[in-house]
Amino acid sequence: MPELPEVEHVRQSLEVLLKGQTVERVEVRLARIIRYPDVAEFCERMAGKRVQRVGRRGKYLLIEWDDDEVLVSHLRMEGRYGIAESGTPVEPHTHVIFYLKNGQELRYRDVRQFGTMDLVKQNELSRLEGLYTLGPEPLEDGFHANYLLQAIKGRKAPIKAVLLDQRVIAGLGNIYVDEALFRAGVHPERLAGKLVRKEVARLVDLIREVIGEAVEAGGSSVKSYVNGFGEPGNFQTSLRVYGRAGEPCLQCGKAIVKGRVAGRGTHVCLHCQPAPRGAAIRGRGLKR
DNA sequence: CAGGGCGTCCGGCTGC
DNA sequence: TGCAGCCGGACGCCCT
């Protein structure tokens with residue numbers, strides 16, 4: 001599940017692989033991946049484009065072309081890009097192939113078929129719902145204690161659900177929300193609006209910390225995630241609760257528990273993250 | 001009405 | 001060995 005650190009890792013690899021490359025033509029093998037425009041127009045408009053730079057906003061990749069258009073690509077669960085020499089066998093679940101002028105192919109694979117691509121003009125980016133409603137980047141200045149405090153004020157949803165909301169903060173997903181809440185010592189079912197200022201400030205710091213470290217490490221390779229070079233990330237070995245159900249907490253030794261919050265698998269140390277009244281995840285026989 | 005929550009899309013994988 | 005059911009990011013819709 002690529003989240004901000006993994007998408008950033010992909011962005012960096014694509015920037016190197018694609019800088020200055022020209023697209024000769026595009027083959028769309030699964031139409032549902034292309035949200036806008038329709039496949040025929042998409043292919044027509046893509047032909048002849050040259051890569052200017054590769055950007056990122058939240059979990060969105062922004063491949064910017066020399067003609068002022070942008071390919072907005074979201075990997076969702078398992079989308080990935082790879083470079084292949086022309087004529088080499090096309091891997092299963094390859095849905096879009098960009099034939100480059102230098103003989104290489106940029107291939108988009110996606111087992112779940114959840115990923116999306118939109119091709120728009122720079123000045124049309126504001127039309128893309130999920131993109132323009134994005135909250136601040138966790139590593140940029142707009143994300144600070146006062147902002148988060150304001151954003152979660154009065155909200156009755158569990159803090160985990162709020163942090164997963166891309167309109168509140170861009171780029172967090174299930175893994176890094178669990179990790180940040182663990183580091184902050186906040187149980188994921190705590191009601192967001194009831195966190196006190198000190199806790200919110202601490203949460204902001206630790207979100208920045210874990211995201212920063214994960215970006216540095218090239219992301220976490222769970223579910224066989226790799227960047228455009230086929231390289232995995234290294235952060236999975238630094239995850240403290242995610243995927244560690246039943247294993248001892250690295251801080252206190254108590255077993256990590258897995259439950260469900262906001263419809264997501266959720267990992268908690270009940271000693272380091274005390275459960276609030278009425279929490280579903282509170283110990284008794286719940287684990288795994 | 002705001003806001004929380006759940007169904008939907010998919011197929012590899014788990015577990016019975 | 002076979003297969004129903006689980007899982008999840010974002011979004012649409014339903015319910016309170």
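Keep in mind the model is a prediction, meaning the values are calculated, not measured. Just so we're on the same page: letters track the sequence lines, and every chain starts at 1.
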Each nucleotide N or O in nucleotides 2-4 of chain B that has a protein N or O under 3.5 Å away: list the pair and distance.
unit_1	atom_1	unit_2	atom_2	d
B:dG4	OP1	A:Lys156	N	3.2
B:dG4	OP2	A:Arg155	NH2	2.8

Identified side chain to side chain donor-acceptor pair (under 3.5 Å) counterpart of A:Glu91 within the set A:Arg80, A:Arg109, A:Arg107: A:Arg107

Positions of residues 109-131 of chain A (non-hydrogen atom under 4.0 Å from DNA chain C), listed by number: A:Arg112, A:Phe114, A:Gly130

Atom-to-atom span, [atom1] of [X] to [atom2] of [N] - whole angstrom:
{"X": "A:Lys160", "N": "B:dG5", "atom1": "NZ", "atom2": "C1'", "answer": "15 Å"}
{"X": "A:Tyr60", "N": "C:dG9", "atom1": "OH", "atom2": "P", "answer": "13 Å"}
{"X": "A:Leu134", "N": "C:dG9", "atom1": "CG", "atom2": "C1'", "answer": "12 Å"}
{"X": "A:Leu164", "N": "B:dG5", "atom1": "CG", "atom2": "C1'", "answer": "13 Å"}
{"X": "A:His93", "N": "B:dG12", "atom1": "NE2", "atom2": "C1'", "answer": "8 Å"}
{"X": "A:Glu91", "N": "B:dG12", "atom1": "CD", "atom2": "P", "answer": "15 Å"}
{"X": "A:Leu30", "N": "B:dG11", "atom1": "CG", "atom2": "C1'", "answer": "13 Å"}
{"X": "A:Lys258", "N": "C:dG8", "atom1": "NZ", "atom2": "C1'", "answer": "11 Å"}

Position toward the 5' end of DNA chain C (nearest nucleotide), A:Thr133 or A:Asn174: A:Asn174

Would a distance-only check, ignoring hydrogens and angles, find a side-chain to backbone donor-acceptor pair under 3.5 Å from [X] to [Y]?
{"X": "A:Arg208", "Y": "A:Val204", "answer": "no"}
{"X": "A:Arg260", "Y": "A:Gly263", "answer": "yes"}
{"X": "A:His267", "Y": "A:Ile256", "answer": "no"}

Sugar-phosphate only, base, or nothing, as touched by A:Arg167 at under 4.0 Å among non-hydrogen atoms: nothing

4.5 Å side-chain heavy-atom contact, A:Arg45 and A:Phe42: no

Side chains of A:Gln52 and A:Trp65 in contact at under 4.5 Å (non-hydrogen atoms): no

Which residues share a side chain to side chain contact (heavy atoms under 4.5 Å, CB included) with A:Glu85, sequence neighbours left out: A:Thr88, A:Gln104

Can you give the donor-acceptor pairs under 3.5 Å from side chains of residues 13-20 of chain A to other protein atoms, not counting sequence neighbours?
unit_1	atom_1	unit_2	atom_2	d
A:Ser13	OG	A:Val10	O	2.7
A:Ser13	OG	A:Gly228	N	2.8
A:Glu15	OE1	A:Val54	N	2.7

Side-chain H-bond candidate by donor/acceptor type, A:Gln21 with A:Asn102, under 3.5 Å: yes

Verdict with reasoning, A:Val70 to A:Leu119, per side-chain contact (heavy atoms from CB on, under 4.5 Å): CA-CA 6 Å; A:Val70 188; A:Leu119 180 64; over 6 Å; no

From B:dG12, C:dG8, C:dC11, nucleotide with atom closest to A:Arg76 side chain: C:dC11

Minimum-distance nucleotide to A:Met77 side chain [options: C:dA10, B:dG12, C:dG8]: C:dG8

Side-chain N,O (A:His74) to OP1/OP2 (C:dA10) below 4.0 Å: yes

C:dG9 phosphate, OP1 or OP2, under 4.0 Å from A:Gln166 side-chain N/O: no

Identify each donor-acceptor pair in which a side-chain atom of residues 160-176 of chain A lies under 3.5 Å from a protein atom, sequence neighbours left out, and give them as a table.
unit_1	atom_1	unit_2	atom_2	d
A:Lys160	NZ	A:Asn174	OD1	2.6
A:Lys160	NZ	A:Asp178	OD1	2.7
A:Lys160	NZ	A:Gly265	O	3.2
A:Lys160	NZ	A:Thr266	OG1	2.9
A:Asp165	OD1	A:Arg167	N	2.9
A:Asp165	OD1	A:Arg167	NE	3.1
A:Asp165	OD2	A:Arg167	NH2	3.1
A:Gln166	OE1	A:Gly171	N	2.8
A:Gln166	NE2	A:Leu164	O	3.1
A:Gln166	NE2	A:Leu172	O	2.9
A:Asn174	ND2	A:Gly265	O	3.0
A:Tyr176	OH	A:Glu6	OE2	2.6
A:Tyr176	OH	A:Ser220	N	3.4
A:Tyr176	OH	A:Ser220	OG	2.7

For nucleotides 14-16 of chain C, list the nitrogen or oxygen atoms of the protein found under 3.5 Å from its nitrogen or oxygen atoms, one pair per line.
none

A:Tyr81 and A:Phe98 aromatic ring geometry - parallel, tilted or perpendicular at 30°/60° bounds: tilted

